[in-house]
Amino acid sequence: MTVALTVGILVAGAVYLFLQREMFRVILGFVLISHAANLILFAAGGTSRRDEPFGSFTDLSSVADPLPQAFVLTAIVIAFSITIFMLVLAVTGGNSDDTEDGATDEEEKA
């Protein structure tokens with residue numbers, strides 16, 4: 001129940017940030033949505049009903065499934081690389097993407 005509420009709050013925050021016009025807020029929304037996806041993958045692994053990853057080999061039903069953990073590690077690396085790429089695009093991009101509110105520099109001089 002706690003994981004579901006956390007995922008819901010993260011997704012709500014991400015949607016709010018996606019609706020903003022600044023590129024940095026969109027990037028933060030992407031970070032939040034990737035964290036929510038990672039929590040969903042962790043919940044799919046059944047961590048609440050299983051023991052530690054290294055259990056006894058006689059009872060394999062209580063050992064945690066390592067596949068969702070591997071998926072989450074891969075998703076973290078991919079999300080980090082995409083976030084860095086988006087930050088580089090935001091820093092090197094020009095102001096011609098029409099994300100600024102208000103008048104341009106030329107209109108302010110007149």
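Residue indices begin at 1 and follow the sequence shown. Hydrogens, waters and symmetry mates play no part in the numbers below; they use all other heavy atoms, side chains included. Since this is a predicted model, take the numbers as computed values, not measurements.
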Just how far is it from atom CG of Leu67 to atom CG of Leu41, taken to the nearest 0.5 Å? 9.5 Å
Side-chain heavy atoms nearer than 4.5 Å, only ILVMFWY residues, links allowed to pass through others: does that put Val15 and Leu17 together? yes
For residues 24-36, please give each side-chain donor-acceptor pair under 3.5 Å, one per line with the distance, not counting sequence neighbours.
from, atom 1, to, atom 2, distance (Å)
Arg25, NE, Glu22, OE1, 3.4
Ser34, OG, Phe30, O, 3.4
Ser34, OG, Val31, O, 2.7

Contacts table for residues 79-91: side-chain donor-acceptor under 3.5 angstrom, sequence neighbours left out:
from, atom 1, to, atom 2, distance (Å)
Ser81, OG, Val77, O, 3.4
Ser81, OG, Ile78, O, 2.8
Thr83, OG1, Ala79, O, 2.6

Any link between Val7 and Ile9 through a network of hydrophobic side chains (Ile, Leu, Val, Met, Phe, Trp, Tyr) touching at under 4.5 Å? no
Partner residues of Ile76 under the side-chain contact (heavy atoms from CB on, under 4.5 Å) criterion, sequence neighbours left out: Asn38, Val72
